[in-house]
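It should be emphasised that the depicted structure is a prediction, and the values quoted were computed from it without experimental measurement. Chain letters run A, B, ... following the sequence lines, proteins first and then strands; every chain starts at 1.
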There are 2 protein chains.
Amino acid sequence: MAVTIVENQQLMIKEKIDKVLCTQTEPEPCCPIKDIMARFGDKWSIYTILMLGKQEKLRFNELKGLIAGVSQRMLTVTLRSLEEDGLVSRTVYPEIPPRVEYSLTPLGQSLLLQLLHLADWAKLNVDQILEARARYSRKSV
Amino acid sequence: MAVTIVENQQLMIKEKIDKVLCTQTEPEPCCPIKDIMARFGDKWSIYTILMLGKQEKLRFNELKGLIAGVSQRMLTVTLRSLEEDGLVSRTVYPEIPPRVEYSLTPLGQSLLLQLLHLADWAKLNVDQILEARARYSRKSV
DNA sequence: CGGGATCCCAGAAGATACTG
DNA sequence: CAGTATCTTCTGGGATCCCG
């Protein structure tokens, strides 16, 4: 019956959730999602990854030009963080003037794919969300 | 040839990225990802969604008990935000003492599925990331 | 019980100036 | 050019008090 299929799916979802939550009550080792989300949940990481996904190799100021509104400090911080996690690689050419090129690592590329999935969801549902917001603001008037 | 297949895939990815970035240089209407990420990129939204995914209906203090470390203010703020976007529904029972139940809307459930995909990626790659971090910290000594 | 409103602080983000 | 250093500003979030 359709019901049991649905129920099975629900069960699988719950199992997955359990695994994700893991030892959430404990202080430390824990939660992959939260850790991962913290990486690219910030304001600039996503754009950085997307830009590098488009262009493969980019120098610092090229990136800065492509990401509207980012300050050079925040771009530095963002790139460092991504480099630290092995999502972005940084190549310094010891020339004068100096040249530094950034690109996605294979790991970074695989994350990009995930982000694009998420983007699909977002595009698919953005109207519903906007509608919900409008409804909400109307209600609270 | 394999090469052209890979190239085609790359092309599709770049097209997708273009769509996601859309008019990123313009100030306003823009970027679904960023908007969506801003919703659950914060500290507590994910946990809230996961918990409601597990339990269907939860009262405020039940939720507070399940999400380790959340303050009542932040839980309130988080729930309001999720409700505003139509991801969580809030049902008030006008009793004494008052009772309020929260649950995921269909939209929220579909987001949950996406988050679980992301969690799969995270679990699959968490070791690589930790390794990269270790390498990075060793390098900078 | 389930929050709303207010106050306050630490740490994140921005602007600017300087350097190898 | 690609940063680092420093200063300031802003915001997320905790603590507390209150109400229906």
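Contacts between residues 72-92 of chain A and DNA chain C, defined by a heavy-atom separation below 4.0 Å, involve A/Gln72, A/Arg73, A/Met74, listed by number. Listed by residue number, B/Arg59, B/Phe60 are the residues of residues 52-60 of chain B with a heavy-atom contact under 4.0 Å to DNA chain C.
Pairs passing the salt bridge (Lys or Arg N to Asp or Glu O under 4.0 Å) check and including a residue from residues 105-117 of chain B, sequence neighbours excluded, do not occur. Among pairs with a residue in residues 65-77 of chain A, none fulfils salt bridge (Lys or Arg N to Asp or Glu O under 4.0 Å), at least two apart in sequence or across chains.
In this structure, A/Lys64 places its NZ atom 11 Å from C1' of C/dA15, rounding to the nearest Å.
Residue-level contact check: B/Tyr93 touches neither bases nor backbone, having no heavy atom under 4.0 Å from any strand. The residue B/Asn61 sits close only to the backbone: its heavy atoms come under 4.0 Å of sugar-phosphate atoms, none of a base.
Remark: B/Glu84 pairs with no residue by the salt bridge (Lys or Arg N to Asp or Glu O under 4.0 Å) rule, at least two apart or across chains. With sequence neighbours excluded, the residues that form a side chain to side chain donor-acceptor pair (under 3.5 Å) with A/Ser45 are A/Asp42.
OP1 or OP2 of C/dG14 lies within a sub-4.0 Å distance of a side-chain N or O belonging to A/Trp44.
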Using a 3.5 Å cut-off and no angle test, enumerate the donor-acceptor pairs between side-chain atoms of residues 98-114 of chain B and protein atoms at least two apart in sequence or in another chain.
from: B/Arg99; atom 1: NE; to: B/Glu95; atom 2: OE1; distance (Å): 3.4
from: B/Arg99; atom 1: NH1; to: B/Glu101; atom 2: OE2; distance (Å): 3.2
from: B/Arg99; atom 1: NH2; to: B/Glu95; atom 2: OE2; distance (Å): 3.0
from: B/Glu101; atom 1: OE1; to: B/Tyr93; atom 2: OH; distance (Å): 3.3
from: B/Tyr102; atom 1: OH; to: B/Arg90; atom 2: NE; distance (Å): 3.2
from: B/Ser103; atom 1: OG; to: B/Ser89; atom 2: OG; distance (Å): 3.0
from: B/Thr105; atom 1: OG1; to: B/Gly86; atom 2: O; distance (Å): 2.6
from: B/Thr105; atom 1: OG1; to: B/Leu87; atom 2: O; distance (Å): 3.2
from: B/Thr105; atom 1: OG1; to: B/Leu107; atom 2: N; distance (Å): 3.4
from: B/Thr105; atom 1: OG1; to: B/Gly108; atom 2: N; distance (Å): 3.1
from: B/Ser110; atom 1: OG; to: A/Trp121; atom 2: NE1; distance (Å): 3.0
from: B/Ser110; atom 1: OG; to: B/Leu107; atom 2: O; distance (Å): 2.9

N/O donor-acceptor pairs under 3.5 Å from side chains in residues 55-65 of chain B, not counting sequence neighbours:
from: B/Glu56; atom 1: OE2; to: A/Lys14; atom 2: NZ; distance (Å): 3.0
from: B/Glu62; atom 1: OE1; to: B/Arg59; atom 2: N; distance (Å): 2.8

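Under a hydrophobic clustering in which Ile, Leu, Val, Met, Phe, Trp and Tyr are joined whenever their side-chain heavy atoms come within less than 4.5 Å, directly or via other members, B/Met51 and A/Leu11 fall into different clusters.
If you take OG1 on A/Thr78 and CD1 on A/Ile67, they are separated by 7.5 Å, rounding to the nearest 0.5 Å.
For DNA chain D, the outermost nucleotides in 5' to 3' order that have an atom under 4.0 Å from a heavy atom of chain B are D/dG13 to D/dG20.
Looking only at distances, a side-chain donor or acceptor of B/Thr76 sits under 3.5 Å from a matching main-chain atom of B/Gln72.
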**OP:** Test side chain to side chain contact (heavy atoms under 4.5 Å, CB included) on A/Trp44 and A/Leu75 and set out the steps.
**Re:** CA-CA 7 Å; A/Trp44 305 111; A/Leu75 184 55; over 6 Å; no
